[in-house]
Amino acid sequence: MDSFQEAPEPKNIFEPIDLSLFKDHIQQTLLSIIDTMPKKQKTLIIESECIPKLSYFSELEPLEKKGVNRGIQMLSENPIQIDTEILIFVISPIKESLEKIERQIKSEQGSYSYNAKTDPEKNIIAANKQYHVIFFTKINNECFNYINQSSFKSFFITHNLNAEIYPLDYDIISIEQDKCLNELYVDKNYNSLSVLARTIIKFETVFGKIKHKYAKGDFACKVNMLLENQEENALFDNENEILACVMLDRSVDFLTMFCSDFVYEGLLNEIFGISLNNIKVSSNILEKGEKTESTKVDLSYKDKFYYMIKNFAFSKLSNFLPERLRQHKEIMEQGKKTNELTEVSETLKKIKVINFSMFV
């Protein structure tokens, strides 16, 4: 009986900051961009790399209320037939994506011009057609120069989503610069450092200027220099909620890449691949049966049990899970033996204590 007594939650003087507002901000920015467009039916065409990121931040229902068709298209090499007057492209800031959009514009405008003699309405459709390009996260110099040199420059209407901050969990932020290692060390392209500096400035705008910043490594020091220059012209109204920031780059930490992650979360990532705090698994792994379609599983702090065991080493996990299962079975068997309300209530209390024993 004593083993099931609830222990008080430890008091944490360092309350976690609320990062969810950045997620809401990205969706509101997207909706605000769509609000600037004419109130007509719109088709959303998304680059494949942007689909999981955009779906993580934005739901379809608010977009439909803004006139976006439910049938979202994927940006492809070959032009596709689209009847709506407004096309919204969501792409990464890379030249190859702009080339695909240019082919789409050329195909549509060429088709309308060819048919204009026999069908005058085609000219009207062509004149009213709009092509909005939303960069995820922000246009870079390469894309800016490409558009300016393009013969279809007048058709491009560009927007920036400015989604540098990805709040994956209540205590995890990513800027999703997947190719930065190759860009920095091979291409000598330092754009990702500017993105990181802008991200920290945006972070400071919300939570106040970070009091102390420490940098280790050449690229980390460059980011620190960018911050010093940009912070001179920035205004931070809020008091600093964060005491210090420590920046390390890969040049001072080659060892981590070769380490094996012998914890439960590392095992899930090795087998299924964690993307935006989700994994996709076959449904027959989660439930008995012959279902084989993939199911998305959330690995954020919302799943309290997962959050308790995600950093457990394999050896601890193999002992912990059978013991937890044994306790559950024992309590459930005791609950089945009685119909007394007080005893049923006591059984539920025991289950609750087990579920929240992560705080012990």
Side-chain angles (χ1 to χ4, degrees), residues 16-34 44 46-60 62-63 72 89-94 97 134-140 143 159-184 189-208 210 219-220 223 226-227 230 241-242 245-250 256 261 265-266 268-269 272-280 296-303 306-307 310:
I17 56 179
D18 183 13
L19 302 177
S20 62
L21 55 92
F22 290 112
K23 186 174 182 179
D24 298 335
H25 173 72
I26 294 172
Q27 174 157 314
Q28 289 304 316
T29 302
L30 178 61
L31 296 176
S32 298
I33 291 173
I34 295 175
L44 193 62
I46 309 178
E47 183 187 40
S48 58
E49 290 185 3
C50 293
I51 289 177
K53 297 177 183 179
L54 190 63
S55 62
Y56 181 76
F57 291 111
S58 183
E59 298 176 356
L60 188 59
L63 298 178
I72 294 175
F89 298 90
V90 180
I91 64 170
S92 302
I94 54 176
S97 296
I134 301 177
F135 288 97
F136 202 120
T137 62
K138 190 174 182 178
I139 191 171
N140 55 24
C143 292
H159 311 269
N160 293 319
L161 194 56
N162 293 321
E164 291 97 348
I165 299 180
Y166 293 75
L168 299 178
D169 216 331
Y170 82 95
D171 59 348
I172 301 175
I173 281 181
S174 172
I175 60 172
E176 293 295 300
Q177 296 288 309
D178 302 332
K179 301 175 182 178
C180 67
L181 203 63
N182 185 72
E183 290 174 352
L184 291 171
N189 180 351
Y190 303 132
N191 182 61
S192 57
L193 301 183
S194 300
V195 173
L196 178 55
R198 289 200 307 268
T199 301
I200 296 175
I201 292 290
K202 182 181 289 188
F203 197 83
E204 290 181 309
T205 303
V206 177
F207 298 107
I210 299 173
F219 291 134
V223 172
L226 289 172
L227 286 172
Q230 294 179 27
E241 297 185 38
I242 303 172
C245 168
V246 180
M247 292 177 284
L248 302 173
D249 65 41
R250 185 56 65 196
T256 301
D261 197 353
E265 186 174 47
L268 291 180
N269 185 53
F272 301 108
I274 299 175
S275 175
L276 295 173
N277 256 25
N278 290 286
I279 57 172
K280 286 186 177 181
K296 184 180 287 188
V297 180
D298 180 37
L299 300 181
S300 71
Y301 74 99
K302 296 175 184 178
D303 188 329
Y306 167 75
Y307 226 69
K310 72 171 190 173

How many angstroms lie between atom [atom1] of [X] and atom [atom2] of [Y], to the nearest 0.5 angstrom?
{"X": "I175", "Y": "T199", "atom1": "CD1", "atom2": "OG1", "value": "5.0 Å"}
{"X": "N182", "Y": "S192", "atom1": "CG", "atom2": "OG", "value": "10.5 Å"}
{"X": "D303", "Y": "N277", "atom1": "CG", "atom2": "CG", "value": "11.0 Å"}
{"X": "I134", "Y": "L54", "atom1": "CD1", "atom2": "CG", "value": "8.5 Å"}
{"X": "Q28", "Y": "I26", "atom1": "CD", "atom2": "CD1", "value": "11.5 Å"}

Passing option when H159 is tested against I34, I33, I139 for side chain to side chain contact (heavy atoms under 4.5 Å, CB included): I33
Exam field: side chain N189 to backbone N191, donor-acceptor pair closer than 3.5 Å: yes
K310 side chain to L299 backbone, donor-acceptor under 3.5 Å: no
Grab the two heavy atoms, one from [X] and one from [Y], that are nearest each other, plus how far apart they are.
{"X": "L227", "Y": "M247", "result": "CD1-CE, 4.3 Å"}
{"X": "S174", "Y": "L168", "result": "CB-CD1, 3.8 Å"}
{"X": "E47", "Y": "S92", "result": "OE1-N, 2.7 Å"}
{"X": "I46", "Y": "I72", "result": "CD1-CG2, 3.7 Å"}
{"X": "P93", "Y": "F135", "result": "CA-CD2, 3.8 Å"}
{"X": "I94", "Y": "C143", "result": "N-SG, 3.5 Å"}

L63/L30 under side-chain contact (heavy atoms from CB on, under 4.5 Å): CA gap, chis, key distance, verdict: CA-CA 9 Å; L63 298 178; L30 178 61; 3.9 Å; yes
Set of side-chain contact (heavy atoms from CB on, under 4.5 Å) partners for I173, sequence neighbours left out: L19, I165, F203
Set of residues satisfying side-chain contact (heavy atoms from CB on, under 4.5 Å) with respect to D261, sequence neighbours excluded: V263
Contact check, side chains of [X] and [Y], non-hydrogen atoms, under 4.5 Å:
{"X": "L193", "Y": "L184", "answer": "yes"}
{"X": "N162", "Y": "T29", "answer": "no"}
{"X": "V297", "Y": "F272", "answer": "no"}
{"X": "T137", "Y": "L161", "answer": "no"}
{"X": "E265", "Y": "I274", "answer": "yes"}

With sequence neighbours left out, what residues match [X] under ring pair (Phe, Tyr, Trp, His ring centres under 6.0 Å)?
{"X": "H25", "answer": "none"}
{"X": "Y306", "answer": "none"}
{"X": "Y166", "answer": "F57"}

With sequence neighbours excluded, residues passing side chain to side chain donor-acceptor pair (under 3.5 Å) with S32: none
